[in-house]
*Asks:* 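Pasting a structure below so you can have a look.
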Amino acid sequence: QVQLVESGGGLVQAGGSLRLSCAASARTFARYARGWFRQAPGKEREFVAAINWSGGSTYYADSVKGRFTISRDNAKNTVYLQMNSLKPEDTAVYYCAAGAVTETTIEAYPYWGQGTQVTVSS
């Protein structure tokens, strides 16, 4: 069974940093685009960042541009989200996803992790 497992979430003060990881169970995910999304309480899930299969192209939501960096290590089947200068409004459950194309929409990603909580205190 194909799985995506996120880790690295936690509680951090505003201005701090966290690095999320998402490990894939199947070697075939090395050829998949990967995305990060987040969902805050009472809000819809939203796009955060995406990276193509080679790591050569990255995309970011305007709200995180310049603060977050997505990267991947295909030898480890893992994608990362480095989050710097965190703000209370970044508080959400963060989900990683995998799909055949690099997109910013939820519908483009058929594979999802279970999510990891990120809480930023003011």
Side-chain angles (χ1 to χ4, degrees):
Q1 184 177 355
V2 173
Q3 287 187 319
L4 298 174
V5 180
E6 301 99 334
S7 60
L11 173 64
V12 64
Q13 289 188 333
S17 298
L18 283 174
R19 188 176 83 153
L20 305 184
S21 299
C22 176
S25 62
R27 186 67 183 91
T28 54
F29 275 99
R31 299 289 294 185
Y32 277 63
R34 305 285 287 276
W36 285 99
F37 293 76
R38 67 186 181 186
Q39 188 167 16
K43 295 188 177 181
E44 294 186 351
R45 193 170 299 189
E46 64 176 6
F47 169 75
V48 175
I51 188 168
N52 75 333
W53 72 271
S54 69
S57 296
T58 57
Y59 306 87
Y60 297 95
D62 288 343
S63 59
V64 307
K65 202 170 294 183
R67 299 188 297 122
F68 291 11
T69 302
I70 188 170
S71 61
R72 64 189 298 160
D73 183 341
N74 285 343
K76 297 181 179 179
N77 285 348
T78 300
V79 65
Y80 305 97
L81 186 68
Q82 178 67 43
M83 306 186 294
N84 299 329
S85 302
L86 283 161
K87 304 175 182 179
E89 50 263 44
D90 294 318
T91 295
V93 177
Y94 283 71
Y95 298 89
C96 72
V101 292
T102 312
E103 291 283 355
T104 63
T105 59
I106 293 172
E107 294 75 17
Y109 295 89
Y111 303 104
W112 291 84
Q114 83 289 349
T116 185
Q117 176 71 46
V118 171
T119 303
V120 184
S121 62
S122 58

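All residue numbers in this chain count up from 1 along the given sequence.
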*Asks:* Minimum heavy-atom separation for R72 to G55, with atom names?
*Replies:* CD-N, 3.9 Å

*Asks:* List the atom of D90, the atom of R38, and the distance in Å for their closest heavy-atom pair.
*Replies:* OD1-NH1, 2.9 Å

*Asks:* Sub-3.5 Å donor-acceptor pair from the side chain of N52 to the main-chain atoms of T102, do we have one?
*Replies:* no

*Asks:* How long is the straight-line distance from CZ of R34 back to CG of L81, given to the nearest 0.5 Å?
*Replies:* 12.0 Å

*Asks:* According to a hydrophobic-cluster definition based on side-chain heavy atoms being under 4.5 Å apart (Ile, Leu, Val, Met, Phe, Trp, Tyr only), do V12 and V64 belong together?
*Replies:* yes

*Asks:* What residues form a ring-ring contact (aromatic ring centres under 6.0 Å, His included) with Y80, not counting sequence neighbours?
*Replies:* none

*Asks:* Is K65 salt-bridged to D62, going by a charged N under 4.0 Å from an acidic O?
*Replies:* yes

*Asks:* Kindly indicate whether the side chain of Q117, heavy atoms from C-beta on, has any atom under 4.5 Å from the side chain of T91.
*Replies:* yes

*Asks:* Is Y94 reachable from Y60 through a run of hydrophobic residues whose side-chain heavy atoms are each under 4.5 Å from the next?
*Replies:* yes

*Asks:* Is it true that F37 and Y109 have ring centroids separated by less than 6.0 Å?
*Replies:* yes

*Asks:* Taking all heavy atoms of I51 and all of S71, pick out the closest pair and write down the distance.
*Replies:* CD1-CA, 3.7 Å

*Asks:* Shortest non-hydrogen contact from S21 to W36?
*Replies:* O-CH2, 3.8 Å

*Asks:* Is there a path of hydrophobic side-chain contacts, each under 4.5 Å between heavy atoms of I, L, V, M, F, W or Y residues, that connects I106 with V93?
*Replies:* yes

*Asks:* Can you see which heavy atom on Y95 is nearest to which on E6, and at what distance?
*Replies:* CA-OE2, 3.3 Å

*Asks:* Determine the minimum heavy-atom distance between Y32 and Y111, stating which atoms define it.
*Replies:* CE2-CE1, 3.6 Å

*Asks:* Assigning hydrophobic clusters by single linkage (Ile, Leu, Val, Met, Phe, Trp, Tyr; side-chain heavy-atom cutoff under 4.5 Å), is V48 placed with V79?
*Replies:* yes

*Asks:* Membership question, hydrophobic clusters at under 4.5 Å side-chain separation (ILVMFWY): are I70 and L4 in the same one?
*Replies:* no

